[in-house]
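Below, chains carry the letters A, B, ... as their sequence lines are ordered, and counting in each starts from 1.
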Amino acid sequence: MALTDEQVEYVATLARLGLSDEERARLREQLSSILGHIDRLRELDTSAIPPTAQVIPLDPVLRDDIARPSLTLEQVLANAPRSENGFIRVNAILDEE
Amino acid sequence: MAVMTAPGTTYETVIGLEVHVQLLTRSKMFCGCSADYFAAPPNTHVCPVCLGLPGVLPVINRAAVEAAMMTALALGCTIQPDNKFDRKNYFYPDLPKGYQISQYDLPLAVNGALEFAVGGETRRAGITRVHMEEDTGKNLHATDPATGAGYSLVDLNRAGVPLLEIVGEPDLRSPEEARAYLTTMRQLLRFLGVSTGNMEEGALRCDINVSLRPAGSGAFGAKVEIKNVNSFRAVERALVYEVERQRRVLDAGGAIPQETRGWSEERGQTLGQRSKEVATDYRYFPEPDLPPLKMDPAWIERVRGRMAELPRARRARFVADYGLREADAALLTESRAVADYFEATLDGDRRPERARLAANWITGDLFAATPDREALGDSPLTPARLRGLLDLLDAGRINRTTAKQVFNELLARPDEDAAAIVERLGLGQVSDDAAIRATVGRVLAENPKPVADFLSGKAAAKGRLVGATMKALGGRGDVAVVNRLLDEELARQRGG
């Protein structure tokens with residue numbers, strides 16, 4: 001399962017990653033090898049096995065609808081590079097809702 | 001294959017709506033932050049979970065799931081026994097985790113329908129699916145006054161608020177139907193008490209898919225998605241505009257590309273949106289932090305048992321239990337706030353005449369005084385105080401004319417009940433024979449012309465005498481007694 005440069009570039013764009021030529025070549029090799037590994041699963045006959053989305057045999061724990069205190073504004077903004085009047089300030093968003 | 005059309009071709013409009021509903025819970029979908037973000041200062045309802053900090057785990061809000069189940073059941077959907085949550089991956093500043101927890105291939109419920117009325121006819125539109133997800137944060141746009149450069153401000157209070165997506169089948173055939181569908185959807189949500197359904201506040205949002213096809217064709221045209229439609233009026237206006245736009249393009253021999261357009265309220269137009277360089281690719285995969293959700297049939301039945309009565313059932317019951325006319329029952333069940341107010345006013349009283357009286361006052365004077373029906377529950381005129389007014393009317397202590405005066409006083413003075421108002425303003429009905437007979441005598445003496453007219457056979461002249469007597473009694477006379485005594489006195493004059 002060999003990936004093309006275009007496929008690697010596409011995935012990088014989705015992940016907002018800029019790759020150098022050298023990085024792209026290296027990742028293409030690594031990703032191809034990972035996919036090749038996963039391809040081996042196709043050799044198994046899974047026709048009698050139900051699709052599985054989770055391998056942990058647990059039912060989810062549901063929570064009662066009770067509101068609890070949130071973080072302080074200082075804590076929320078602690079990791080924000082820029083803030084303004086309690087908002088997190090970011091570069092202009094163009095094609096807004 | 002493109003369908004060739006020519007000017008004069010008759011088209012059929014095909015519309016499907018995707019509706020997003022904010023569920024009315026106290027806390028968010030996957031964390032304990034307050035979901036009541038509307039008037040909160042920015043970023044004050046945020047915790048490590050909805051901020052997407054590393055190492056945190058989401059925990060599902062049971063009330064949100066149950067509200068979603070109720071909505072799905074009310075839409076006649078089948079709740080799927082196996083549910084799971086998936087990650088929808090994309091980057092946007094209002095999505096701190098880099099993904100939205102949603103449901104992809106195993107949604108909460110499928111295959112329902114919504115019935116609604118258009119022009120007196122009942123229509124039915126299919127519901128494809130109903131699924132649960134979380135809301136995103138909100139962005140504001142600002143301009144740096146020094147440089148003039150634009151930037152954005154992010155408030156994450158809304159991030160993680162429970163959201164329901166209701167995907168409708170392309171079964172709607174006109175802008176009017178789309179609006180009626182959405183209005184009926186909101187009515188249902190409000191009766192269930194699962195959402196405020198307020199479009200202006202974003203609690204109810206709608207994306208529209210619309211295409212045209214030659215009448216009689218079974219195929220669908222390329223669909224255009226319209227976003228940014230934030231009111232019921234805008235839904236109808238945007239569709240009227242878009243249908244006409246597509247018709248012109250087709251008539252001119254053009255083709256409609258599949259695209260997303262935004263509705264501009266100021267310009268009254270849909271505008272093509274800048275296409276993204278990369279096609280939308282959300283790379284859905286199962287949310288590893290949440291085990292699949294098993295919908296136990298016993299749980300579904302418990303939730304069904306707690307569902308509020310739906311508009312149609314309530315309307316039928318109003319007719320059956322209180323003897324209301326269809327039209328009154330329909331008016332009183334347009335909104336849950338009104339239906340609740342009506343039943344609270346009756347307070348278990350099943351007499352049809354009392355129900356009719358209550359219906360008349362509520363749909364007449366109270367509606368006129370309360371333009372926002374949803375705010376009826378907050379009216380200074382509580383159901384108990386209106387009941388006080390109806391009791392006085394029933395007991396003959398006031399007549400209809402003075403009842404209006406008492407009604408206005410009830411609205412203006414929230415602390416005073418109807419009996420106290422009647423007492424204070426001396427509005428008690430005069431039904432004392434002696435007092436009325438004295439007034440009648442004076443009125444007859446002062447109005448020789450109508451008396452003569454009446455005695456010469458003009459029965460209608462009596463109306464003027466009733467009016468004059470009522471006026472002389474300050475509007476407080478008991479009309480029945482006034483009529484009886486007038487008849488007696490007139491008969492006496494005729495005889496004498």
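Taking CG of N43(B) as the start and CD of E74(A) as the end, the distance is 11.5 Å to the nearest 0.5 Å. Here the CG-CG distance, from L14(A) to N89(B), works out to 9.5 Å after rounding to the nearest 0.5 Å. Rounded to the nearest 0.5 Å, atoms CG (L140(B)) and CG (N85(A)) are 10.5 Å apart.
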Stepwise side-chain contact (heavy atoms from CB on, under 4.5 Å) check, L62(A) with L293(B): CA-CA 10 Å; L62(A) 301 186; L293(B) 193 53; 4.0 Å; yes
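For the set A64(B), A63(B), P48(B), the count of heavy-atom pairs under 4.5 angstrom toward chain A peaks at P48(B).
Minimum interatomic distance between R63(A) and G32(B) (heavy atoms only, all atoms of both residues): NH1-CA, 3.8 Å. Considering all non-hydrogen atoms of both residues, P60(A) and P292(B) come closest at CD-O, 3.1 Å. Across every non-hydrogen atom of S152(B) and I93(A), the tightest pair is OG-N, 2.9 Å. Summarising the geometry of G150(B) relative to A92(A), their closest heavy-atom pair is O-CB, 3.4 Å, with the distance given to 0.1 Å. The heavy-atom pair separating L156(B) from I88(A) by the smallest distance is CD1-CD1, 3.9 Å. What you find for R89(A) and D144(B) is that their closest heavy atoms are NH2-OD2, 3.8 Å.
You'll find the side chain of D65(A) reaches within 4.5 Å of the side chain of N61(B), heavy atoms only. Looking at heavy atoms from C-beta onward, R82(A) lies out of side-chain contact with Y151(B) at the 4.5 angstrom threshold. By the 4.5 Å heavy-atom criterion applied to side chains, S70(A) and T44(B) are not counted as neighbours.
The number of heavy-atom neighbours closer than 6.0 Å to CD of E29(A), taken from other residues, nucleotides and ligands shown, is 12 or below.
In this structure, no portion of N83(B) lies under 4.5 Å from any heavy atom of chain A. With a 4.5 Å cut-off on non-hydrogen atoms, D64(A) touches chain B through its backbone and its side chain both. With a 4.5 angstrom heavy-atom cutoff, F30(B) touches chain A only via backbone atoms. For a residue to count as touching a neighbouring chain, one of its non-hydrogen atoms must lie under 4.5 Å from one of that chain's; by this rule L153(B) touches chain A with backbone and side chain alike. Both the backbone and the side chain of P291(B) have a heavy atom closer than 4.5 Å to some heavy atom of chain A. When heavy atoms are compared at a cutoff of 4.5 Å, C50(B) does not approach chain A at all. Only the backbone of I66(A) comes within contact range of chain B, with at least one heavy atom under 4.5 Å from a heavy atom of that chain. Interface remark: P41(B) contributes no atoms to any contact with chain A (heavy atom separation under 4.5 Å).
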